[in-house]
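See structure below.
Everything numeric in this text was worked out from a predicted model, so none of it was measured.
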Amino acid sequence: MSRIGRLPIPVPAGVTVTINGSHVAVKGPKGELELTISEPIEATVEDDRILVTRPDDERESRALHGLTRSLIANQVIGVTDGYAKTLEVVGTGYRVAAKGQSVEFALGYSHSITVDPPAGVTFSVEGTNKVTVSGIDKQAVGEAAANIRKLRKPEPYKGKGVRYEGERVRRKAGKAGK
């Protein structure tokens, strides 16, 4: 039995979960999320908790059991608390500025880069070197943050680039001087 899959998902007050066959809809104070669960897995709501079960011990069923439970749990957390990732811009002349809903980066290229937020994700800028990506969908927040980091990954010699808050960049020694 999956150690993660068999754990019940607590449903906090103010959150409503509707399960219609393989369609799960979670509605809370921050918004509403929907998910279609894969075929052999079943989810049921029993007195303020969600139980995810599988019919057999086939390899595919075992693999989907824990995944489905995690996806539903992430939705419940998303509609109650939400998700946020903070990115730091490190480097001389590297900066970030808010432009309405979107964010403009100066990352050492000959041009500035403007990033528009995808649906359900918001950007907020703190100072000139921090961007917070937030939203209710964990996958959308993570993907938006990864796409911003991809604009200029932290390089190992000087550590310049866009990195996650708290990310450690492994530094390399440069060329040996004469």
Side-chain angles (χ1 to χ4, degrees), residues 4 9-19 23-38 43 50 66-175:
I4 292 173
I9 304 165
V11 179
V15 175
T16 57
V17 178
T18 309
I19 299 174
H23 185 77
V24 179
V26 182
K27 191 172 186 178
K30 290 201 178 241
E32 184 175 348
L33 293 170
E34 296 179 356
L35 171 73
T36 303
I37 57 179
S38 297
I50 305 167
L67 170 73
T68 304
R69 190 257 179 216
S70 294
L71 292 176
I72 296 171
N74 287 344
Q75 288 189 329
V76 171
I77 293 168
V79 297
T80 53
D81 302 330
Y83 288 98
K85 284 195 177 242
T86 304
L87 297 157
E88 298 173 338
V89 179
V90 179
T92 307
Y94 290 13
R95 64 186 173 278
V96 61
K99 275 214 165 166
Q101 296 288 323
S102 56
V103 176
E104 186 175 75
F105 290 90
L107 299 173
Y109 297 115
S110 61
H111 59 283
S112 60
I113 301 168
T114 304
V115 178
D116 297 320
V121 176
T122 57
F123 296 147
S124 62
V125 178
E126 302 153 27
T128 59
N129 65 344
K130 277 196 178 184
V131 178
T132 303
V133 181
S134 57
I136 60 172
D137 187 0
K138 186 175 186 178
Q139 189 271 332
V141 169
E143 186 176 0
N147 287 337
I148 290 174
R149 183 180 182 271
K150 204 187 309 181
L151 297 174
R152 177 75 90 170
K153 289 184 183 172
E155 54 95 19
Y157 296 102
K158 291 185 178 179
K160 295 166 64 169
V162 181
R163 63 176 79 161
Y164 297 114
E165 188 176 49
E167 178 183 0
R168 292 179 46 90
V169 177
R170 289 190 63 193
R171 303 291 296 273
K172 289 183 179 179
K175 287 199 282 186

- Task: For residues V115 and L151, determine if any side-chain heavy atom of one lies less than 4.5 Å from a side-chain heavy atom of the other.
- Result: yes
Test item: E155 side-chain N/O and Y157 main-chain N/O as donor-acceptor pair under 3.5 Å: yes
K30 meets the side-chain hydrogen bond (donor to acceptor under 3.5 Å, both in side chains) criterion, sequence neighbours left out, with none
- Please check if the side chain of R95 supplies one atom and the backbone of G93 the other of a donor-acceptor pair under 3.5 Å. yes
Those residues at least two apart in sequence (or on a different chain) that pass side-chain hydrogen bond (donor to acceptor under 3.5 Å, both in side chains) with E126 are T132
TODO: Would you check if H23 and T36 make a side-chain contact, meaning some heavy-atom pair closer than 4.5 Å?
DONE: yes
Residue pairs passing the salt bridge (charged side-chain N to carboxylate O under 4.0 Å, His left out) test with at least one member in residues 98-118, sequence neighbours excluded, are K99-E104
NZ of K160: more than 12 outside heavy atoms within 6.0 angstrom?
yes
Original post:
Taking side chain as C-beta onward, heavy atoms only, is Y83 less than 4.5 Å from N74?
Top reply: yes
Residue set satisfying side-chain hydrogen bond (donor to acceptor under 3.5 Å, both in side chains) with T80, at least two apart, ordered chain then number -> none
With sequence neighbours left out, the residues meeting side-chain contact (heavy atoms from CB on, under 4.5 Å) with T92 are none
Rounded to the nearest 0.5 Å, the CD1 atom of I148 sits from the CG atom of L107 at a distance of 10.0 Å
Contacts of P10 meeting side-chain contact (heavy atoms from CB on, under 4.5 Å) (sequence neighbours excluded), chain-then-number -> none
Those residues at least two apart in sequence (or on a different chain) that pass side-chain contact (heavy atoms from CB on, under 4.5 Å) with P156 are K172
Those residues at least two apart in sequence (or on a different chain) that pass side-chain hydrogen bond (donor to acceptor under 3.5 Å, both in side chains) with K158 are none
Hits for salt bridge (Lys or Arg N to Asp or Glu O under 4.0 Å) against R149, two or more places apart or cross-chain, chain-then-number order -> E167
Quick note, salt bridge (charged side-chain N to carboxylate O under 4.0 Å, His left out) partners involving residues 127-137, not counting sequence neighbours, are K130-E165
With sequence neighbours left out, the residues meeting side-chain contact (heavy atoms from CB on, under 4.5 Å) with I72 are I9, V24, L35, I37, A43, I50, V52, T68
